[in-house]
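What follows is a single structure, written as structure tokens, with notes after it.
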Amino acid sequence: MHIGLIGLGKMGFNMRERLRKGGIEVTGFDRNPDVTDVGSVDELIAAVPAPRLIWVMVPSGEITDAVITELGNKLDAGDLVIDGGNSRFTEDQKHGAALAEKGIQFADCGVSGGVWGLQNGYGLMAGGDAADIERALPVFDVLRPEGERADSFVHVGGVGAGHYAKMVHNGIEYGLMQAYAEGYELLAAKDIVTDLPGTFRAWQKGTVVRSWLLDLMVKALDEDPGLASIDDYVEDSGEGRWTVEEAIANAVPAPAITAALFARFSSREDNSPAMKMVSALRHQFGGHATRPAK
């Protein structure tokens with residue numbers, strides 16, 4: 001199988017490598033000449049045999065809009081475009097409708113796994129027509145971890161459903177990180193606690209709060225025991241806000257996720273050990289930039 005991949009940043013670059021190791025031929029395009037396989041989208045389209053499968057892995061918003069518009073003007077009927085970035089589900093529905101007018105298929109896929117996906121595989125949440133998802137299954141199967149497909153891949157529903165599921169996933173992630181971070185700050189504030197990193201390390205096996213995020217928390221403390229090098233300023237990349245907006249729109253109470261989002265806002269005003277930990281966790285799993293301590 002031979003696909004095109006547009007966007008070779010932190011996620012796309014590793015995805016290309018995992019696909020190639022799994023036997024999928026990939027032609028990648030990126031504006032960075034140091035990582036791209038071809039010099040333009042036109043060259044990528046020419047390199048991938050029809051009917052084409054083109055995976056888009058670029059930042060959501062205007063950049064994704066521009067790439068999908070360009071593909072809509074250049075691809076042939078019967079080609080399939082998959083948006084694997086973090087687009088809002090309403091954008092998927094818009095893109096799918098625009099491409100459908102030209103006979104081009106569209107699917108969306110929420111991708112979780114961060115910078116560790118090359119090694120561990122990615123959790124995948126796909127939205128689109130069943131035939132389009134079936135067509136892309138060889139790609140999904142290489143990207144996901146080994147084992148039962150249902151443990152790491154789901155066809156959530158129609159176009160937009162994959163990114164909707166990923167949005168909720170990231171909202172949950174906000175709440176989980178905030179809970180770990182607040183626990184960290186509470187332990188750090190108590191003078192009778194003399195081994196803070198060891199406490200979290202001891203939770204990694206056998207406890208009900210063990211998780212990959214906890215493992216990354218221990219790793220962050222190993223690398224910087226007091227998080228002295230990290231500022232407590234924490235960005236929010238959109239999905240948390242969208243989750244809260246959807247909770248309001250559907251009258252679904254989401255107090256933990258909402259509080260976690262607001263905590264990120266407060267991190268931009270006050271010095272907070274908890275928000276240092278949230279920043280450290282985002283860097284650990286996703287390679288998100290941290291701000292140096294003031």
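This chain uses plain numbering: 1 for the first residue, then up along the sequence.
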Checklist entry - Could you give the distance from CZ (Arg282) to OG1 (Thr290), rounded to the nearest 0.5 Å? => result 10.0 Å
Checklist outcome for this item: Smallest heavy-atom separation, Thr36 atom then Gly28 atom, equals OG1-O, 3.4 Å
Checklist entry - Does a side-chain heavy-atom distance below 4.5 Å link Ile45 with Arg52? => result yes
Item to check | ILVMFWY cluster, Val58 and Phe13 together (side-chain gap under 4.5 Å) | outcome: no
Checklist entry - Any side-chain heavy atom of Asp129 sitting closer than 4.5 Å to one from Phe106? => result no
Checklist entry - What distance separates Arg210 CZ from Trp203 CH2, expressed to the nearest 0.5 Å? => result 14.0 Å
Checklist entry - Nearest heavy-atom pair of Ile230 and Ser279: which atoms, and what distance? => result CG2-OG, 3.6 Å
Next on the checklist: Do Phe262 and Met275 sit in one hydrophobic cluster, given that two such residues count as connected whenever their side-chain heavy atoms are within less than 4.5 Å of each other, even indirectly?
Outcome noted: no
Checklist entry - Salt bridge check: are Arg241 and Asp236 linked by an N-O gap of less than 4.0 Å? => result yes
Item to check | Straight-line distance of His163 NE2 to Glu239 CD, nearest 0.5 Å | outcome: 9.0 Å
Checklist entry - Under the 3.5 angstrom rule, does the side chain of Thr69 hit a backbone N or O of Ala66 as a donor-acceptor pair? => result no
Checklist entry - Honestly curious: do Ile133 and Met57 fall in one hydrophobic cluster under the side-chain, below-4.5 Å linking rule? => result yes
Checklist entry - Looking just at side-chain N and O atoms, do Ser60 and Asn86 make a donor-acceptor pair shorter than 3.5 Å? => result no
Checklist entry - Side chain of His283, backbone of His288: donor and acceptor closer than 3.5 Å? => result yes
Item to check | Lys/Arg N to Asp/Glu carboxylate O, Glu70 vs Lys74, below 4.0 Å | outcome: yes
Checklist entry - Any ion pair linking Asp83 and Lys94 (charged N to carboxylate O, less than 4.0 Å)? => result no
Next on the checklist: Distance alone, cut at 3.5 Å: any donor-acceptor contact between the side chains of His95 and Asp108?
Outcome noted: no
Item to check | Lys/Arg cation over aromatic Tyr174: Arg264, 6.0 Å, 45° cone | outcome: yes
Item to check | OH-CG distance between Tyr180 and Leu214, expressed to the nearest 0.5 angstrom | outcome: 5.0 Å
Next on the checklist: Consider side-chain contact (heavy atoms from CB on, under 4.5 Å). Of Leu75, Val41, Leu80, which one does Ile54 pass it with?
Outcome noted: Leu75
Checklist entry - Does a side-chain N-to-carboxylate-O contact under 4.0 Å join Lys21 and Glu17? => result no
Checklist entry - Near Arg20 CZ, under 6.0 Å, is it more than 12 heavy atoms from other residues, nucleotides or ligands? => result yes
Item to check | Ion pair Asp195/Arg201, N-O distance below 4.0 Å | outcome: no
Item to check | Phe29 vs Asp37 side-chain heavy atoms within contact, under 4.5 Å | outcome: no
Checklist entry - So do Leu137 and Phe153 actually touch side chain to side chain, heavy atoms under 4.5 Å? => result yes
Checklist entry - Does Thr243 use its side chain to pair, donor to acceptor, with the backbone of Met167 at less than 3.5 Å? => result yes
Item to check | Member of Leu44, Asp79, Ile6, Ile104 meeting the side-chain contact (heavy atoms from CB on, under 4.5 Å) criterion with Leu71 | outcome: Ile6
Checklist outcome for this item: Nearest heavy-atom approach of His155 to Gly128 is NE2-O, 2.7 Å
Checklist entry - How many angstroms lie between OG in Ser87 and CG in Asp65, if you round to the nearest 0.5 Å? => result 7.5 Å
Next on the checklist: What I'd like to find out is whether the side chain of Asn14 reaches to under 4.5 Å of the side chain of Gln119, using heavy atoms alone.
Outcome noted: no
Next on the checklist: Can you tell me how the ring of Phe285 sits relative to the ring of Trp212, calling it parallel under 30°, perpendicular over 60° and tilted otherwise?
Outcome noted: tilted
Next on the checklist: Do Val156 and Tyr122 land in one hydrophobic cluster if side-chain heavy atoms of ILVMFWY residues count as linked below 4.5 Å?
Outcome noted: no
Checklist entry - Is there side-chain contact between Val154 and Leu124, with at least one heavy-atom pair below 4.5 Å? => result no
Item to check | CD/Glu134: more than 12 non-hydrogen atoms of other groups inside 6.0 Å | outcome: no
Next on the checklist: Under the criterion salt bridge (Lys or Arg N to Asp or Glu O under 4.0 Å), I'd like the reasoning laid out for Lys276 against Asp231: C-alpha separation, chi angles, the key distance, then a yes or no.
Outcome noted: CA-CA 6 Å; Lys276 281 178 177 276; Asp231 189 40; 5.6 Å; no
Item to check | Over-ring placement of Arg291 relative to Tyr233, 6.0 Å and 45° cut-offs | outcome: yes
Checklist entry - Do Glu246 and Phe89 come close enough that some side-chain heavy atom pair is under 4.5 Å? => result yes
Next on the checklist: Would a single hydrophobic cluster contain both Met1 and Val38, if residues Ile, Leu, Val, Met, Phe, Trp and Tyr are joined by side-chain heavy-atom contacts under 4.5 Å?
Outcome noted: no
Next on the checklist: To the nearest 0.5 Å, what is the distance between CG on Leu216 and CD on Gln284?
Outcome noted: 5.5 Å
Next on the checklist: Quick check on side-chain contact (heavy atoms from CB on, under 4.5 Å): which of Thr194, Leu187, Ile192 does Lys190 satisfy it with?
Outcome noted: Ile192
Item to check | Smallest separation among heavy atoms of Pro145 and Arg18, with atom names | outcome: CA-NH2, 3.9 Å
Checklist entry - Any idea which heavy atoms bring Leu227 and Ala220 closest together, and the distance? => result CD2-O, 4.2 Å
Item to check | Sidechain N-carboxylate O distance under 4.0 Å for Lys166, Glu173 | outcome: no
